[in-house]
Amino acid sequence: MNTPLTIAGREFESRLILGTGGFTNHDVLGSALDASGAQMCTVALRRLGGGRDPNHAGSILDVLDAAGVEVLPNTAGCYTARDAIVTAQLAREAFSTDWIKLEVIGDDRTLLPDAVELVSAAEALVEHGFTVLPYTTDDPILARRLEDVGCAAVMPLGSPIGSGMGIRNPYNISIIIERANVPVILDAGVGTASDAAVAIELGCDAVLCASAISRAHDPAAMARAIRLAVEAGWLARGAGRIPRRRYAEASTPDEGLPVFHTAAS
Amino acid sequence: MTVQVTINGDRRELPAGATVASVIDSLHNAPEGRGVAVAVEGEVVPRGKWPSTELRDGATVEVVVAVQGG
């Protein structure tokens, strides 16, 4: 892709950001990461020794470092601005980065963002010098509020995390894109390659994808498929789609059409 | 003299004067260098202050590492 993705002054060739959640092991993650071409990956913070597999502790950074990708820590699992702020500060300490994917969720069934806590956390983190990339709803007003408090990008959901339902409200996503002065990254909802292509065709600057890849039957193959879909979406967007019409418009000319039978008799 | 502290949800008895650094040293699986961070009473303790940060009786310590997510 010719034009790099620029977030807070940093350039990325790839418009696919890989979420690392849900991979069965680090080898699968590594091969999917390689196939995805992603240059930035999310990681989460959890208690040392508190995970399902203590052998995973620490070593995810080895996988990401070996691939040479940027680490984008998240605040997954935080329900309050207060917890998200402490988590972001821990992430800054652990990974030596000011970048944070801010997630403040409202409940554990929908995993939808809590708008009030989200804006509050975003504002505080920007004041503390963080580069904030907030996971948000597809509400254009909330996206604008997040931009107003200084977020470096907005990351609206296409549909709930892990739902694989694609972009449920493309009109809202389009409005967010039209009005945003920061990159718009579709976060959550991508279920397969075509969803990612649609996101980029709509005008999203990038796509963040985790479950669609990590929970696919063949994660590396899906990673490659979504990578190509993002590239295809970008090319299609630049090429300019034809307008939608309710009636057909023949692509074959009528001129010179042979006449085989006369209307007479 | 000892202090009672809670480390990642587990109650532990440590010698008085125990520091964040000594707690980290006592935890196996603690990764070297990058990828680990500590909060005491909800406040992040920068790595450079681990050796000088003593844990008072009743302190709550959270030690976090990078995991897959997001």
Side-chain angles (χ1 to χ4, degrees), chain A residues 17-26 28-29 41-65 71-77 82-83 85-97 101 103 135 155 161 187-188 208 210-211 214, chain B:
Chain A
I17 300 168
L18 184 65
T20 62
F23 287 94
T24 50
N25 62 58
H26 289 145
V28 177
L29 167 61
C41 286
T42 63
V43 296
L45 283 173
R46 287 294 179 268
R47 280 175 167 171
L48 176 65
R52 287 162 293 181
D53 182 355
N55 293 326
H56 280 188
S59 58
I60 186 173
L61 288 182
D62 297 337
V63 178
L64 302 185
D65 288 348
V71 171
L72 177 61
N74 70 23
T75 63
R82 189 179 160 197
D83 282 357
I85 291 164
V86 175
T87 302
Q89 289 168 334
L90 284 167
R92 176 151 68 179
E93 178 68 16
F95 307 118
S96 306
T97 176
K101 184 193 165 195
E103 300 181 30
Y135 163 63
M155 306 182 75
I161 291 170
D187 185 8
L208 192 152
S211 304
S214 67
Chain B
M1 283 285 284
T2 60
V3 290
Q4 295 281 336
V5 299
T6 304
I7 301 169
N8 285 356
D10 294 330
R11 298 265 291 169
R12 294 263 297 270
E13 190 170 304
L14 300 175
T19 63
V20 171
S22 64
V23 166
I24 297 295
D25 287 343
S26 74
L27 296 170
H28 46 242
N29 275 347
E32 297 287 322
R34 193 160 157 262
V36 57
V38 179
V40 177
E41 306 295 358
E43 296 283 334
V44 178
V45 181
R47 179 177 291 267
K49 290 188 176 169
W50 289 359
S52 60
T53 303
E54 289 190 13
L55 298 174
R56 63 162 187 78
D57 194 44
T60 299
V61 182
E62 292 288 334
V63 182
V64 296
V65 293
V67 298
Q68 293 182 5

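To find a chain, count down the sequence lines: A is the first, B the second, and so on, and within it residues start at 1.
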Legend entry - Heavy-atom proximity to chain B below 4.5 Å, by part of A/D83: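 Neither; nothing under 4.5 Å.
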Legend entry - A/V71 versus chain B, the contacting section by heavy-atom distance below 4.5 Å: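 Contact with chain B is through the side chain of A/V71 alone.
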Legend entry - Choice from A/L45, A/V86, A/T75, A/N74 maximising heavy atom contacts with chain B below 4.5 Å: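 Highest number of heavy-atom pairs under 4.5 Å: A/L45.
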Legend entry - Between A/G77, A/A94, A/A91, A/S96, the one whose heavy-atom pairs under 4.5 Å with chain B are most numerous: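 The candidate making the most pairs under 4.5 Å is A/A94.
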Inset, instruction - Find out whether A/L208 and A/Y135 are in side-chain contact, i.e. whether some heavy atom of one side chain is under 4.5 Å from a heavy atom of the other. - result: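 No, their side chains stay 4.5 Å or more apart.
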Legend entry - Sub-4.5 Å side-chain heavy-atom contact between A/S214 and B/Q68: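 Not in contact.
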Inset, instruction - Please check if the side chain of A/T42 supplies one atom and the backbone of A/L72 the other of a donor-acceptor pair under 3.5 Å. - result: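 No, because the side chain of A/T42 does not come within donor-acceptor range (under 3.5 Å) of the backbone of A/L72.
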Legend entry - Minimum heavy-atom distance between B/P51 and B/G48, given as atom pair plus value: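 Closest pair (atom of B/P51, atom of B/G48, distance): CD-O, 3.7 Å.
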